[in-house]
Participant: 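Submitted below is the structure of interest, expressed as structure tokens.
Note that the coordinates shown come from a computational prediction; the quantities given were computed from them, not determined experimentally. Any value given below was found using the heavy atoms of this structure, including those in side chains, with hydrogens, waters and symmetry copies removed. Just so it is clear: chains get the letters A, B, ... in the order the sequence lines come, proteins before strands, and each one is counted from 1.
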Amino acid sequence: MDVQFSLPFTYDFDRALDRLSGDPVIAVNRESRSVRIPMKEGNVVTLLGKGTTCSPSFIVENAVDERQQEEIKSTFHFDRPLDGISAHFKGTDLEQLFREHEGTPLIKSFSLYGELMKSIIHQQLNLSFANTLLMRFVESYGDKIDGVWRYPSPERIASLDVTELRDKQFSTRKAEYVIGVSQAISEGRLDLEKFSGMEDAEVTAELITYRGVGPWTAQGFLMFGLGRPNLFPLADIGLQNALKRIWGLDRKPTKDEILAHFPDWSPYLSYAALYLWRSIE
DNA sequence: TGCCAGGAATTGC
DNA sequence: GCAATTCATGGC
């Protein structure tokens, strides 16, 4: 079933696609302004952008039911306006940043497990190499259905030996992290789905008990996996560099210098982080 | 070539 | 408890 709808607020779909294009796993087509989304139920939904930033409209193709359509709307931030968030930053030091990236949504990843694996794989690696490793991970153990890659099952990764991932240029530690977390999920000790009903702090507290998952990874999971609006990974080198540039410093800002701005930016820290990342990409 | 990268675990005091 | 160190590998 296909459905067409429009949004009553500013939404820049081209910028959304821009960011999605940075993820090698996601099937973005810039020419047709579309993205193909592998759904948990096995089908692939196509989302097409039709309108303009000021008058955005979309077509959702091939959703199996209304619930899937609603999930797409939630995933792509169609269910809540961006204007109020942008307005919140008027008068702050990030006002100009929010003007430059007006209408850029915080899009949730299509798979909670995939987001966690991606986050671990990206730890402490330059984006270029991290994306190479990520794509190698997906192409080796995931499935390509209707031309769209989907992340492997936790069970598949849980069964791997460290040496297999080492052969694909994972470090020993990174291989241990990825396999260990996958084992926890496949054995039922770790349930990612239940986190959607929990507070940020509770989710973080539980996630960081797993080896290889620290604060940065937990915060990324909350932000991009669950779409939570108020996280800012202090440990992130990219954010530190972005703030260094915006604030005109000759060094990276300290943790306390960043923390001092949290009262101004809350409760939308995630959007500040997202736009700061965009500013250096 | 050496430092760095959208960190985390481990060690040392 | 907190900081310094180690881990690993490609990118630039």
Participant: Charged N to carboxylate O below 4.0 Å: is that the case for A:R99 and A:E95?
Facilitator: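 Yes, A:R99 and A:E95 are salt-bridged.
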Participant: Near DNA chain B, counting only heavy atoms under 4.0 Å, which residues of residues 128-142 of chain A show up?
Facilitator: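 Close to the strand, none.
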Participant: Could you tell me whether the side chain of A:V162 reaches within less than 4.5 Å of the side chain of A:T172, counting heavy atoms only?
Facilitator: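 Heavy-atom side-chain distance check passes, below 4.5 Å.
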Participant: When every nucleotide of nucleotides 2-8 of chain C is labelled 5' to 3' by its protein contacts under 4.0 Å (heavy atoms), B for base, S for sugar-phosphate only, - for none, what sequence of letters results?
Facilitator: ----BBB
Participant: Please enumerate all residues that pass side chain to side chain donor-acceptor pair (under 3.5 Å) together with A:D250, with sequence neighbours excluded.
Facilitator: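 A:D250: no side chain to side chain donor-acceptor pair (under 3.5 Å) contacts found.
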Participant: What's the gap between C:dC7 and B:dC4 when it is taken at their C1' atoms, as a whole Å value?
Facilitator: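 So the two C1' atoms sit 15 Å from each other.
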Participant: Using a cut-off of strictly less than 4.0 Å between a heavy atom of the residue and any atom of DNA chain B, enumerate the qualifying residues of residues 228-250 of chain A by number.
Facilitator: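 Heavy-atom cutoff 4.0 Å gives A:A235, A:D236, A:I237, A:G238, A:N241.
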Participant: Enumerate, atom names and distances included, each donor-acceptor pair closer than 3.5 Å involving a side-chain atom of residues 182-189 of chain A, sequence neighbours excluded.
Facilitator:
residue, atom, partner, partner atom, Å
A:S182, OG, A:Y113, OH, 2.7
A:S182, OG, A:V178, O, 2.8
A:Q183, NE2, A:A158, O, 3.3
A:S186, OG, A:S182, O, 3.3
A:S186, OG, A:Q183, O, 3.2
A:E187, OE1, A:R189, NE, 2.9
A:E187, OE1, A:R189, NH2, 2.9

Participant: At 4.0 Å (heavy atoms only), tell me whether A:Y210 reaches a base, stays on the sugar-phosphate, or touches nothing.
Facilitator: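 Sugar-phosphate: the residue A:Y210, judged by heavy atoms under 4.0 Å, touches backbone atoms but no base.
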Participant: Looking at DNA chain B, which of residues 254-279 of chain A put a heavy atom within less than 4.0 Å of it?
Facilitator: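 DNA chain B contact set from residues 254-279 of chain A: A:W277.
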Participant: Only pairs at least two apart or in different chains count here, so list each salt bridge (Lys or Arg N to Asp or Glu O under 4.0 Å) that has a residue in residues 112-123 of chain A.
Facilitator: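 Sorted result for residues 112-123 of chain A: A:D23-A:K118.
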Participant: For residues 206-229 of chain A, pull every pair meeting salt bridge (Lys or Arg N to Asp or Glu O under 4.0 Å), keeping only residues two or more places apart or in separate chains.
Facilitator: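 Every pair satisfying salt bridge (Lys or Arg N to Asp or Glu O under 4.0 Å) with a residue in residues 206-229 of chain A: A:E176-A:R211, A:K194-A:E206, A:D200-A:R228.
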Participant: With distance as the sole test, does A:N62 use its side chain to make a donor-acceptor pair with the main-chain N or O of A:V44 at under 3.5 Å?
Facilitator: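 Yes; judged by distance alone, with no hydrogens or angles, the pair exists.
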Participant: Under 4.0 Å, counting only non-hydrogen atoms across every strand here, what does A:T217 touch: a base, just sugar-phosphate, or nothing?
Facilitator: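 Contact class for A:T217: sugar-phosphate only.
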Participant: With sequence neighbours left out, write down each residue that passes salt bridge (charged side-chain N to carboxylate O under 4.0 Å, His left out) with A:E257, or none if nothing qualifies.
Facilitator: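 A:E257 satisfies salt bridge (charged side-chain N to carboxylate O under 4.0 Å, His left out) with A:R251 only.
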Participant: Taking only the P atom of each, what is the distance from B:dC3 to C:dT6 in whole angstrom?
Facilitator: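 It comes out at 15 Å once rounded to the nearest Å.
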Participant: Students often get this wrong, so: under 4.0 angstrom with heavy atoms, is A:E281 touching a base, only sugar-phosphate, or nothing?
Facilitator: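 The answer is base, as A:E281 lies within the cut-off (heavy atoms under 4.0 Å) of a base atom.
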Participant: Got a list of side-chain donor-acceptor pairs under 3.5 Å for residues 231-246 of chain A, not counting sequence neighbours?
Facilitator:
residue, atom, partner, partner atom, Å
A:D236, OD1, A:G238, N, 2.8
A:D236, OD1, A:L239, N, 2.8
A:D236, OD1, A:W277, NE1, 3.0
A:D236, OD2, A:W216, NE1, 2.7
A:Q240, NE2, A:L234, O, 3.0
A:N241, ND2, A:I237, O, 3.3
A:R245, NH2, A:S279, O, 3.0

Participant: Not counting sequence neighbours, list each pair that qualifies as a side chain to side chain donor-acceptor pair (under 3.5 Å) and has a residue in residues 65-77 of chain A.
Facilitator: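 Listed once each, the pairs are A:K40-A:E71, A:E41-A:R67, A:E41-A:Q68, A:N43-A:Q68, A:S74-A:K108, A:H77-A:Y271.
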Participant: So which pairs with a foot in residues 134-156 of chain A pass side chain to side chain donor-acceptor pair (under 3.5 Å), sequence neighbours left out?
Facilitator: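 Passing the test, one end in residues 134-156 of chain A: A:R136-A:Q169.
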Participant: In whole Å, what is the span from the CG atom of A:N126 to the P atom of B:dG2?
Facilitator: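 Nearest whole value for this atom pair: 19 Å.
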Participant: Please give the distance between the P atoms of B:dA8 and C:dG11 as a whole number of Å.
Facilitator: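 That atom pair is separated by 22 Å.
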Participant: Assign each of A:R19 and A:Y177 to its nearest nucleotide of DNA chain B by heavy atoms, then name whichever residue's nucleotide is nearer the 5' end.
Facilitator: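 Closer to the 5' end of DNA chain B: A:R19.
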